[in-house]
Amino acid sequence: MSKRLESKYKINRRLGVNLWGRAKSPVNRREYGPGQHGQRRKGKPSDFSVQLMAKQKLKGYYGNISEKQFRKYYEEAVRRKGDTSENLIGLLERRLDAVVYRLKFAVTPFAARQFVNHGHVLVNGKKVNIPSYLVREGDVIEVREKSKQLAVVLDAAQSGERDVPEYMEADHRQMKGSFVRTPTLSDVPYPVQMEPNLVVEFYSR
């Protein structure tokens, strides 16, 4: 895994939100940011800072995607027909690591990325170890047979912190699921408010 658990929680404190809705998040106890200046009183944010915060929240939520990769999603969303902000959400939710997380095969997006990287996931019966792989509607995602009894998988599947969204179907007895349809923003169960329209504004400046 590329980042330690503490680093993930620093994202929460820096943004001032419980990004993944986890009970262990330090934001539940300390709403101010990390570091010696974390408790400084802040003035009214500029439009730029509001747009930047929206981008950082969305990037952070999906396992802190790199800026280069995130911008590519934006550019692809612009190229597609329809609303750019909705297209962006649809692309992010089609990432294989996001799908693995949504299906509750992993506890966090970071764990889902590692799980895919290590070759534990099959898409339509074939091993895929690229977290950014975009699944399609109707694709079947499954945990490899030898990985189905891993404690991290069983713990995630039994977790009561979140539910599998309606645009996916999951069978936790077989550790298998399917991507039914590409969601809209209102379909996605974000624990905090996401504003992809501000992200679009940020990049289109």
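This chain uses plain numbering: 1 for the first residue, then up along the sequence.
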S.K.: Is it the case that the side chains of T184 and D187 hold a donor-acceptor pair, with the cut-off being a distance below 3.5 Å and no angle test?
M.R.: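 On atom types as modelled, these side chains qualify, holding a pair under 3.5 Å.
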S.K.: Would R102 and Y167 count as a side-chain contact (heavy atoms from CB on, under 4.5 Å) here? Give the steps.
M.R.: CA-CA 10 Å; R102 291 278 180 236; Y167 49 92; 3.3 Å; yes
S.K.: Considering only heavy atoms from C-beta outward, does the side chain of F105 approach that of V99 to under 4.5 Å?
M.R.: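 Not touching, per the 4.5 Å side-chain cut-off.
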S.K.: Are the side chains of Q51 and R205 in touch, meaning some heavy atoms are under 4.5 Å apart?
M.R.: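 Contact flag for Q51/R205 side chains = yes.
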S.K.: R144 side chain to G119 main-chain N or O, any donor-acceptor pair under 3.5 Å?
M.R.: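 At least one qualifying donor-acceptor pair exists.
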S.K.: Is any NZ, NE, NH1 or NH2 atom of the basic residue among R80 and E76 found under 4.0 Å from an Asp or Glu carboxylate oxygen of the other?
M.R.: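 Counted as a salt bridge, because a side-chain N and a carboxylate O are separated by less than 4.0 Å.
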S.K.: Any donor-acceptor pair under 3.5 Å linking the side-chain atoms of N117 with those of Q114?
M.R.: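 Note: Q114 and N117 side chains miss the donor-acceptor criterion.
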S.K.: If you take all heavy atoms of E93 and V188, which pair is closest and at what distance?
M.R.: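 Heavy atoms only, the tightest pair is OE2-CG1, 3.7 Å.
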S.K.: Is the backbone of L103 close enough, under 3.5 Å, to the side chain of H172 for a donor and an acceptor to pair up by distance?
M.R.: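 Present.
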S.K.: Would you call H118 and S147 a side-chain contact if the rule is heavy atoms closer than 4.5 Å?
M.R.: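 They are not in side-chain contact.
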S.K.: Less than 4.0 Å between a side-chain N and a carboxylate O, is that true for R94 and E137?
M.R.: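 No, no charged N to carboxylate O under 4.0 Å.
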S.K.: Are Y74 and V50 connected in a single hydrophobic cluster, I mean Ile/Leu/Val/Met/Phe/Trp/Tyr linked by side-chain heavy atoms less than 4.5 Å apart?
M.R.: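 No, separate clusters.
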S.K.: Could you grab the distance from atom NZ of K148 to atom CD of Q174, nearest 0.5 Å is fine?
M.R.: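 Taking NZ in K148 and CD in Q174, the distance rounds to 6.5 Å.
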S.K.: Where do V200 and S204 come nearest, in terms of heavy atoms and distance?
M.R.: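 Minimum heavy-atom contact is O-OG, 2.7 Å.
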S.K.: Flag the pair F110 / F115 as yes when at least one side-chain heavy-atom distance between them is below 4.5 Å, and no otherwise.
M.R.: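 Side chain of F110 against side chain of F115, heavy atoms only: no contact under 4.5 Å found.
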S.K.: Do L96 and V121 have side-chain heavy atoms sitting under 4.5 Å apart?
M.R.: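 Yes, close enough: below the 4.5 Å cut-off.
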S.K.: Of all heavy-atom pairs between G63 and P109, which one has the smallest distance, and what is that distance?
M.R.: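 Result for this residue pair: N-CB, 3.9 Å.
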S.K.: So, does K104 use its side chain to make a donor-acceptor pair with the main chain of R162 at under 3.5 Å?
M.R.: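 Confirmed, K104 side chain pairs with R162 backbone.
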S.K.: Please walk me through it: do K146 and H120 pass side-chain contact (heavy atoms from CB on, under 4.5 Å)?
M.R.: CA-CA 8 Å; K146 66 178 184 179; H120 296 296; 5.9 Å; no
S.K.: Taking 4.0 angstrom as the limit, do E75 and R71 come out as a salt bridge?
M.R.: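 A salt bridge is present here (some side-chain N lies under 4.0 Å from a carboxylate O).
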S.K.: So, the side chain of K57 versus the backbone of Q193: is there a donor-acceptor pair under 3.5 Å, distance only?
M.R.: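 Judged by distance alone, yes, a pair lies under 3.5 Å.
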S.K.: Are L154 and M175 packed together at the side-chain level, in the sense that at least one heavy-atom pair is separated by less than 4.5 angstrom?
M.R.: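 The answer is yes, as the side chains (C-beta and beyond) meet within the 4.5 Å cut-off.
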S.K.: Check whether more than 12 heavy atoms from other residues, nucleotides or ligands sit under 6.0 Å from atom CG of D155, and answer yes or no.
M.R.: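 Yes, enclosed.
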S.K.: Is it the case that one hydrophobic cluster holds both V164 and Y190, taking links as side-chain heavy atoms less than 4.5 Å apart, direct or via other members?
M.R.: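 Yes: a chain of side-chain contacts under 4.5 Å links V164 to Y190.
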S.K.: For a quick test of reading the model, state the closest non-hydrogen atom pair linking Y73 to R95 and the distance between them.
M.R.: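 So the minimum-distance heavy-atom pair works out to OH-NH1, 2.9 Å.
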S.K.: Measuring from atom CD of Q56 to atom CZ of F70, what distance do you get when rounded to the nearest 0.5 angstrom?
M.R.: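 It comes to 8.5 Å.
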S.K.: Should V78 and L134 be counted in the same cluster of Ile, Leu, Val, Met, Phe, Trp and Tyr side chains packed under 4.5 Å apart?
M.R.: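 Per the 4.5 Å side-chain linkage, V78 and L134 are co-clustered.
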S.K.: Please confirm whether Y62 and Y101 have ring centers closer than 6.0 angstrom.
M.R.: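 No.
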S.K.: Would you compute the distance between atom CD of E201 and atom CG of L52 and round it to the nearest 0.5 angstrom?
M.R.: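 The CD atom of E201 sits 13.0 Å away from the CG atom of L52.
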S.K.: Are any non-hydrogen side-chain atoms of L58 and L92 less than 4.5 angstrom apart?
M.R.: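 They are in side-chain contact.
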S.K.: For Q69 and I65, work out which heavy atoms get closest and say how close.
M.R.: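 Smallest heavy-atom distance, with atoms named: OE1-CG2, 3.5 Å.
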S.K.: Please say yes or no: joined through hydrophobic side-chain contacts below 4.5 Å, possibly via intermediate residues, are V116 and V140 part of one cluster?
M.R.: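 Unlinked, V116 and V140 end up in two clusters.
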S.K.: Nearest 0.5 Å please: distance from the CG atom of D171 over to the OG atom of S178.
M.R.: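 If I round to the nearest 0.5 Å, the distance is 10.0 Å.
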S.K.: Determine, stepwise, if the pair L88 / V199 fulfils side-chain contact (heavy atoms from CB on, under 4.5 Å).
M.R.: CA-CA 9 Å; L88 178 60; V199 179; 4.0 Å; yes
S.K.: To the nearest 0.5 Å, tell me how far N124 CG sits from I141 CD1.
M.R.: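 Going from CG on N124 over to CD1 on I141, the span is 7.0 Å.
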S.K.: Does any non-hydrogen side-chain atom of Y61 lie less than 4.5 Å from one of M194?
M.R.: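 In short, these two side chains touch, coming nearer than 4.5 Å.
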S.K.: Nearest 0.5 Å, what's the CG-CG distance between N129 and L122?
M.R.: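 Between N129 CG and L122 CG, I get 11.0 Å after rounding to 0.5 Å.
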S.K.: Considering non-hydrogen atoms only, spot the tightest contact between A112 and V100 and give its length.
M.R.: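 Minimum heavy-atom contact is CB-CG1, 4.0 Å.
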S.K.: Ignoring hydrogens and geometry, is there a side-chain-to-backbone donor-acceptor pair from K176 to V143 under 3.5 Å?
M.R.: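 Looks like no, no N/O pair under 3.5 Å.
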